[in-house]
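Working notes, structure below.
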Amino acid sequence: MKIRAPAKLNLYLRVVGKREDGYHLLDTVMVPVSLYDELEIRRPRTRRRGKARLTVTCDHPLVPSGRGNLVYKAASRLLRSRKIGSPIDIHIRKRIPVGAGLGGGSSDAAAALVGVNRFFRLGLKRAEMLTLAASLGADVPFFVRCRAARVRGIGERLEAVAAMPRLWIVILYPKFPVSTRWVYENYPCKLTKDIGNTSINFSWKGPEEITSFLVNDLEAVAIRRYPLIGRLKRRLLEEGAAGALMSGSGSSVFGIFSTGQQARNVFQRLRSDERVEAFLVHTLS
Ligand code: ATP
């Protein structure tokens, strides 16, 4: 069985507080996009010796196979909670760049929960799945739901946002990862005024309205250390993007275009730029 795990982009990201345990509190709008990893779940071809019930492999050099992979944690927790003893193999084909602020690891974990649930017909209720997802990582519940959402706190406050039109987007990955931890450690303590209880009027009519609230508090920290991120953002704007922003804690940058044709043309031009890997995507509704 094959299952797709989409990437996400943050259209809006404010750091609104810091807990005593060091976790930053966020107010962010995330949207899934049509760039996917693929998970393949199957029964082992040969009989396995010993106790290994679950194997997880991945084709990307920066992503661990086995227990270090978030997919392993997700699948083993679900299998254990349902006392499933039959062995399975999960193989991950990475397409989403790693350490790019595109949420690949969290999305793979969510896809593992959804996939294993389907594979063994476990009939897990949505609420149970979301609880399990939250225990794996802040962004995992978002990927289980897989719809544009406003996410607050450390990821536990998830709220659907109004349906948005399909947006055409070019993502540029500068071929290096940025450590999420490093970005938060270097984020200056100055926080955005707490807007936790206010309702923000996100207007989704079209690309122009959406780009009017594009903001990412983490961008300046990342750009100071990696100026290429800033240059790529400028390049997208020069190419006619209605708006451009770094996603999450970086390193990737995206540009939103008014039409699919314009996005395609820009993608064709930028894909030959040796500094980047370029992706043409649209938002998923
Ligand atoms: P985020 O924006 O969610 O903080 P990111 O998109 O910048 O994260 P990921 O690509 O999710 O970063 O990977 C972050 C780290 O997680 C990497 O160091 C990677 O080795 C580890 N990791 C563990 N499992 C996975 C997986 N299935 N896919 C990708 N990375 C994984």
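Counting starts at 1 for both ligands and their atoms, following the listed order.
Proximity of T180 to ligand 1, defined as any heavy-atom pair under 4.0 Å, is confined to the side chain (atoms from C-beta onward). Contacts with ligand 1 closer than 4.0 Å are made by no heavy atom of H60, backbone or side chain. Proximity of P177 to ligand 1, defined as any heavy-atom pair under 4.0 Å, is not found for any part of the residue.
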Could you go through the side-chain contact (heavy atoms from CB on, under 4.5 Å) check for R152 and V16 one step at a time? CA-CA 9 Å; R152 286 186 273 180; V16 294; over 6 Å; no
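The protein heavy atom nearest to atom 10 (O) of ligand 1 is G99 N, 3.0 Å. If you check which protein heavy atom lies closest to atom 31 (C) of ligand 1, you get V63 CG1, 3.9 Å. The protein atom (non-hydrogen) at minimum distance from atom 27 (N) of ligand 1 is N69 OD1, 2.9 Å. At the top of the distance list for atom 11 (O) of ligand 1, counting protein heavy atoms only, stands G105 N, 2.8 Å. Among all non-hydrogen protein atoms, the one lying nearest atom 15 (C) of ligand 1 is V98 CG1, 4.9 Å.
Listed by number with element, the atoms of ligand 1 under 4.0 angstrom from any heavy atom of D139 are 3 (O). Within the listing of ligand 1, atoms 2 (O) sit less than 4.0 angstrom from a heavy atom of K8. Atoms of ligand 1 lying under 4.0 Å from at least one heavy atom of P64, given by number and element, are 20 (O). Near K94, with a cut-off below 4.0 Å to any heavy atom, the atoms of ligand 1 are 28 (N), 29 (C). Residue contact check: D108 has heavy atoms under 4.0 Å from atoms 26 (C), 27 (N), 28 (N) of ligand 1. Within the listing of ligand 1, atoms 2 (O), 5 (P), 6 (O), 7 (O) sit less than 4.0 angstrom from a heavy atom of G101. If you number the atoms of ligand 1 from 1 as listed, the ones under 4.0 Å from a heavy atom of L70 come out as 23 (C), 24 (N).
Among the atoms of V178, none of the N or O lies under 3.5 angstrom from an N or O of ligand 1.
Enclosure of atom CZ in R19 by more than 12 non-hydrogen atoms of other residues, nucleotides or ligands within 6.0 angstrom is indicated. Remark: R147 CZ is loosely packed, at most 12 non-hydrogen atoms of other residues, nucleotides or ligands lying under 6.0 Å away.
Residues F143 and I92 do not share a hydrophobic cluster, clusters being chains of Ile/Leu/Val/Met/Phe/Trp/Tyr side chains in contact below 4.5 Å. Hydrophobic clustering, with ILVMFWY side chains joined whenever heavy atoms are under 4.5 angstrom apart, keeps M30 apart from I154.
In summary, D89 and R45 do not engage in a salt bridge, as defined by a charged side-chain N under 4.0 Å from a carboxylate O. With respect to R234 and E238, no salt bridge is recorded, no charged nitrogen being found less than 4.0 Å from a carboxylate O. D59 has no carboxylate O lying under 4.0 Å from a charged side-chain N of K94, or vice versa, which leaves the two without a salt bridge.
Close to ligand 1: G104, with a non-hydrogen atom less than 4.0 angstrom away.
Nearest residue to atom 19 (C) of ligand 1 from N10, L62, V183, V71 is L62 (criterion: closest heavy atom). The closest non-hydrogen atom to atom 23 (C) of ligand 1, taken over G68, A109, S247, comes from G68.
Atom CZ of F119 is separated from atom OG of S86 by 8.5 Å, given to the nearest 0.5 angstrom. Here the straight-line distance linking atom OH of Y226 with atom CH2 of W182 works out to 6.0 Å at 0.5 Å rounding. Here the CD1 atom belonging to I229 is positioned 6.5 Å from the CD1 atom belonging to I223, to the nearest 0.5 angstrom.
Inside a 4.0 Å radius of atom 7 (O) of ligand 1 there is at least one protein heavy atom. For atom 25 (C) of ligand 1, the protein comes within 4.0 Å by at least one heavy atom. Inside a 4.0 Å radius of atom 21 (C) of ligand 1 there is not any protein heavy atom.
In this structure the side chain of V151 never reaches within 4.5 angstrom of the side chain of L26, judged on heavy atoms.
For the side chain to side chain contact (heavy atoms under 4.5 Å, CB included) test with S34, the passing option among I169, V281, L280 is V281; the others fail.
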